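Only one structure is covered here, and it is reproduced in the block below.
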2 protein chains.
Amino acid sequence: MSEEPGDPRLIFALFNEIGIIEQLSRAMFEARLPKGVLVSHFAVLNHLVRVGDGRTPLELATAFQVPKTTLSHTLALLEKRGWIDMRPNPDDKRSKRVWITAEGRAFREDAIERLSPDMARMAREPVMKGVDSLVSRLAEIRQYLDGVRDAQ
Amino acid sequence: MSEEPGDPRLIFALFNEIGIIEQLSRAMFEARLPKGVLVSHFAVLNHLVRVGDGRTPLELATAFQVPKTTLSHTLALLEKRGWIDMRPNPDDKRSKRVWITAEGRAFREDAIERLSPDMARMAREPVMKGVDSLVSRLAEIRQYLDGVRDAQ
DNA sequence: ATCATATAGTGCGATATCGTATTAACTGCA
DNA sequence: TGCAGTTAATACGATATCGCACTATATGAT
């Protein structure tokens, strides 16, 4: 009656494919972004627009699942470039809140313009057919992994 | 008659999920590996065993889709730790061939032992049901991206 | 055979990522 | 209220990643 257990090697294979695709997509994105701008930079700005700004650094680190020191570094860079403002968090004096500036928004829009042709081209490829269910599937796995991690 | 084009935002979402899962899985793997050993180190040793050693550094860099300077750095570390040998390539005096040592094999086996319980546990999770078709799907996309990249 | 061009690997410098430790502020309980 | 333990952010140091440039060697055209 119990479920047939899957092959552990398939889990290895899954993360292997994901690692290589991550590598390829990152290289592809960064080839389109202006020199010196990495996906990690763009991702923060994009998140601030899509999810809304006024987040704390820790909230952002959790969202991206990166150590908070990594995010601290990224935020310092974005602030130096004038793309975000970090202001004190009135609710917690240890903390801050991150706001995207007009320049940050403009940069993000420009970056999306640069990336869109590739995205649109890929979206038309037969290999991407039914990608919505693939994304759902990956989202489930991501949520599961999130949960496992939090449980540690 | 033409195919309905997919939504470019789904492609963004796809790479976003993949990026986060990569981050999570890497953190999880590295938590199990001995201190100072990264997934990038393990991946090279694993590849040398699975695909066979005697590869050139460039072949390895291509397999992992990382810049050759990155791999050069990794190989230097693995050699310093005694896990690989780099010998001249008799077919091309510019080049080298990479051989895994007995210590390298032993380390890889030990690493797999450390990782296996997690893999086995995940393989039993309902969320991983049908993961074989997911892996196939990702492999197709990876191959497509490889091709696009080579065409540049 | 010569030479222009391409390729394999690495040195170097810039930056990213991450773990550890530190500081300041918060929280909960005596 | 006071204090112990927790938490948010960051400084710092170690290492990873990557682009650029360089050297040695290979290749292909004449």
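A note on names: the letters A, B, ... follow the listed sequences, proteins ahead of strands, and every chain is numbered from 1. This one's a predicted model, so the numbers in the text were calculated from it and none came from an experiment.
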Identify whether the distance between the nearest side-chain nitrogen and carboxylate oxygen of [X] and [Y] falls below 4.0 Å.
{"X": "Arg97(B)", "Y": "Asp91(B)", "result": "yes"}
{"X": "Arg9(A)", "Y": "Asp132(B)", "result": "no"}
{"X": "Arg105(A)", "Y": "Glu109(A)", "result": "no"}

For [X] and [N], what is the distance between atoms [atom1] and [atom2] respectively, to the nearest whole Å?
{"X": "Leu33(A)", "N": "dG19(D)", "atom1": "CG", "atom2": "P", "value": "13 Å"}
{"X": "Leu77(B)", "N": "dT10(C)", "atom1": "CG", "atom2": "P", "value": "14 Å"}
{"X": "Leu78(B)", "N": "dG9(C)", "atom1": "CG", "atom2": "C1'", "value": "16 Å"}
{"X": "Leu71(A)", "N": "dT10(D)", "atom1": "CG", "atom2": "P", "value": "9 Å"}
{"X": "Arg55(A)", "N": "dA9(D)", "atom1": "CZ", "atom2": "C1'", "value": "18 Å"}
{"X": "Glu30(B)", "N": "dA14(D)", "atom1": "CD", "atom2": "C1'", "value": "14 Å"}
{"X": "Glu59(B)", "N": "dG9(C)", "atom1": "CD", "atom2": "C1'", "value": "14 Å"}
{"X": "Asn89(B)", "N": "dT7(C)", "atom1": "CG", "atom2": "C1'", "value": "13 Å"}

Would you mind classifying the nucleic acid contact of Gln23(B) as base, sugar-phosphate or nothing, using non-hydrogen atoms under 4.0 angstrom?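 The answer is sugar-phosphate, as Gln23(B) gets under 4.0 Å only of primed atoms, P, OP1 or OP2.
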
Sole residue of Glu30(B), Arg81(B), Arg32(B), Arg114(B) in side chain to side chain contact (heavy atoms under 4.5 Å, CB included) with Val37(B):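 Single pass found, and it is Arg81(B).
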
Per the side chain to side chain contact (heavy atoms under 4.5 Å, CB included) rule, which among Leu78(A), Thr56(A), Leu48(A), Val44(A) passes with Val98(A)?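 That would be Leu48(A); it is the only one of Leu78(A), Thr56(A), Leu48(A), Val44(A) passing the side chain to side chain contact (heavy atoms under 4.5 Å, CB included) with Val98(A).
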
Within a strict 4.5 Å, meaning less than it, do heavy atoms of the Phe29(A) and Asp118(A) side chains meet?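 SC-SC contact between Phe29(A) and Asp118(A) ruled out.
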
For [N], does either OP1 or OP2 sit under 4.0 Å from a side-chain N or O belonging to [X]?
{"X": "Arg26(B)", "N": "dC18(C)", "result": "yes"}
{"X": "Ser72(B)", "N": "dG9(C)", "result": "no"}
{"X": "His73(A)", "N": "dA16(C)", "result": "yes"}
{"X": "Ser40(B)", "N": "dT17(D)", "result": "yes"}

Check: protein-nucleotides 20-26 of chain C nitrogen or oxygen pairs below 3.5 Å:
from: dT20(C); atom 1: OP1; to: Lys35(B); atom 2: NZ; distance (Å): 3.2
from: dC26(C); atom 1: OP1; to: Lys93(A); atom 2: N; distance (Å): 2.8

Residue Met86(B), side-chain heavy atoms: nucleotide from dA8(D), dC18(C), dT10(C) that is nearest: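 Between dA8(D), dC18(C), dT10(C), the one nearest the side chain of Met86(B) would be dT10(C).
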
Ile18(B) side, atom CD1; Leu134(A) side, atom CG - distance, nearest 0.5 Å: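 Here the rounded value is 6.5 Å.
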
Residue whose nearest DNA chain D nucleotide is more 5′ - Leu75(A) or Thr70(B):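 In this pair, the answer is Leu75(A).
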
